[in-house]
Amino acid sequence: QVQLVESGGGAVQTGGSLRLSCTFSGLAFNILNMGWFRQAPGKEREVVACMEWTGIFTQYEGSTKGRFTISRDDVKNTVYLQMNSLKPDDTGMYYCAALSTACSETFSGTTSVDAWGKGIQVTISS
């Protein structure tokens with residue numbers, strides 16, 4: 001059974017950094033596209049970063065460009081989201097997802113998610 005488990009969330013002040021980890025089990029990790037989504041209070045879930053299975057192509061939501069970096073370790077079956085220069089607007093639940101759609105489709109709203117993690121809270125205080 002496919003499982004995704006997030007870790008690394010928490011509370012930091014504006015300008016701080018966090019690194020989220022998502023450990024994957026149950027399927028061949030190196031043939032999946034992986035994404036990070038977030039859901040702020042009262043808002044819909046949105047994709048913030050995506051990496052295609054080659055590990056070469058990545059895509060980011062506009063407000064996170066230059067601040068967030070998605071990466072993967074195929075040996076550890078883990079995908080990471082390094083988040084720097086955090087802002088209060090980055091607050092929310094962050095979810096890892098295994099995707100069967102290309103990153104471009106995911107960002108255009110045509111998302112097919114094979115599996116979700118349970119999510120982890122990130123809180124940025126001003």
Side-chain angles (χ1 to χ4, degrees):
Q1 187 174 359
V2 176
Q3 284 192 321
L4 304 174
V5 179
E6 300 98 338
S7 61
V12 298
Q13 292 186 328
T14 296
S17 297
L18 286 171
R19 188 178 79 158
L20 305 183
S21 299
C22 172
T23 302
F24 183 96
S25 62
L27 201 61
F29 179 66
N30 61 355
I31 62 171
L32 291 177
N33 300 335
M34 300 296 294
W36 283 97
F37 293 70
R38 72 182 172 198
Q39 187 164 18
K43 295 187 178 180
E44 292 186 355
R45 193 175 299 187
E46 62 175 350
V47 57
V48 295
C50 180
M51 171 176 278
E52 295 199 342
W53 71 273
T54 60
I56 297 174
F57 181 79
T58 58
Q59 191 167 350
Y60 297 91
E61 188 272 330
S63 71
T64 69
K65 287 180 181 178
R67 301 188 299 121
F68 289 13
T69 303
I70 186 171
S71 62
R72 60 195 284 169
D73 185 330
D74 288 346
V75 174
K76 296 182 178 179
N77 280 1
T78 300
V79 63
Y80 303 98
L81 186 67
Q82 177 67 45
M83 305 186 294
N84 299 327
S85 301
L86 285 162
K87 308 174 182 179
D89 285 348
D90 295 319
T91 294
M93 285 291 290
Y94 282 69
Y95 300 88
C96 177
L99 308 170
S100 54
T101 46
C103 290
S104 57
E105 294 175 309
T106 300
F107 275 90
S108 69
T110 309
T111 304
S112 179
V113 177
D114 291 338
W116 289 102
K118 292 184 178 181
I120 194 162
Q121 180 67 38
V122 170
T123 302
I124 313 303
S125 59
S126 57

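Both backbone and side-chain heavy atoms feed into the values below; hydrogens, waters and symmetry mates do not.
- Among all heavy-atom pairs drawn from I124 and T91, the shortest one is N-OG1, 2.9 Å.
- Annotation for L99: hydrophobic cluster partners, listed by chain and number, are F37, V47, M93, Y95, F107, V113, W116 (ILVMFWY side-chain heavy atoms under 4.5 Å, direct or chained).
- With sequence neighbours excluded, no residue satisfies side-chain hydrogen bond (donor to acceptor under 3.5 Å, both in side chains) with S125.
- To the nearest 0.5 Å, atom CE of residue M51 and atom CG of residue L32 are 13.0 Å apart.
- Applying the side-chain hydrogen bond (donor to acceptor under 3.5 Å, both in side chains) test to S108 and every residue at least two apart in sequence or in another chain returns nothing.
- Of all the heavy atoms in S104 and E52, the pair that sits closest is N-OE2, 4.4 Å.
- For T58, there are no side-chain hydrogen bond (donor to acceptor under 3.5 Å, both in side chains) partners, not counting sequence neighbours.
- Side chains of M83 and V48 form no contact here, defined as non-hydrogen atoms less than 4.5 Å apart.
- Annotation: side-chain hydrogen bond (donor to acceptor under 3.5 Å, both in side chains) contacts of T106 (sequence neighbours excluded): T101.
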Ignoring hydrogens and angles, write down the donor-acceptor pairs under 3.5 Å from the side chains of residues 2-10, residues two or more places apart or on other chains.
unit_1, atom_1, unit_2, atom_2, d
E6, OE1, K118, N, 3.2
E6, OE1, G119, N, 3.0
E6, OE2, C96, N, 2.9
E6, OE2, G119, N, 3.2

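- Here the shortest heavy-atom pairing between S71 and V79 reads O-CG2, 3.0 Å.
- Defined by atom type and a distance below 3.5 Å, a donor-acceptor pair is missing between the side-chain atoms of T78 and S21.
- Among residue pairs with one or both ends in residues 91-108, none qualify as salt bridge (charged side-chain N to carboxylate O under 4.0 Å, His left out); sequence neighbours excluded.
- Rounding to the nearest 0.5 Å places CG of L20 at 4.5 Å from CH2 of W36.
- Between the N33 side chain and the W53 main chain, a donor and an acceptor come within less than 3.5 Å of each other.
- With sequence neighbours excluded, the residues satisfying salt bridge (charged side-chain N to carboxylate O under 4.0 Å, His left out) with R38 are E46, E61, D90.
- Here the closest non-hydrogen pair linking K76 and T23 is O-CG2, 4.3 Å.
- Nearest heavy atom pair, residue R67 against residue S85, reads NH1-O, 2.9 Å.
- Within the structure, disulfide bond (SG atoms under 2.5 Å apart) contacts touching residues 97-126 (residues at least two apart or in different chains) are C50-C103.
- Note on residues 11-20: pairs passing side chain to side chain donor-acceptor pair (under 3.5 Å), not counting sequence neighbours, are S17-N84.
- Counting only residues at least two apart or in different chains, ring-ring contact (aromatic ring centres under 6.0 Å, His included) contacts with residues 55-92 are absent.
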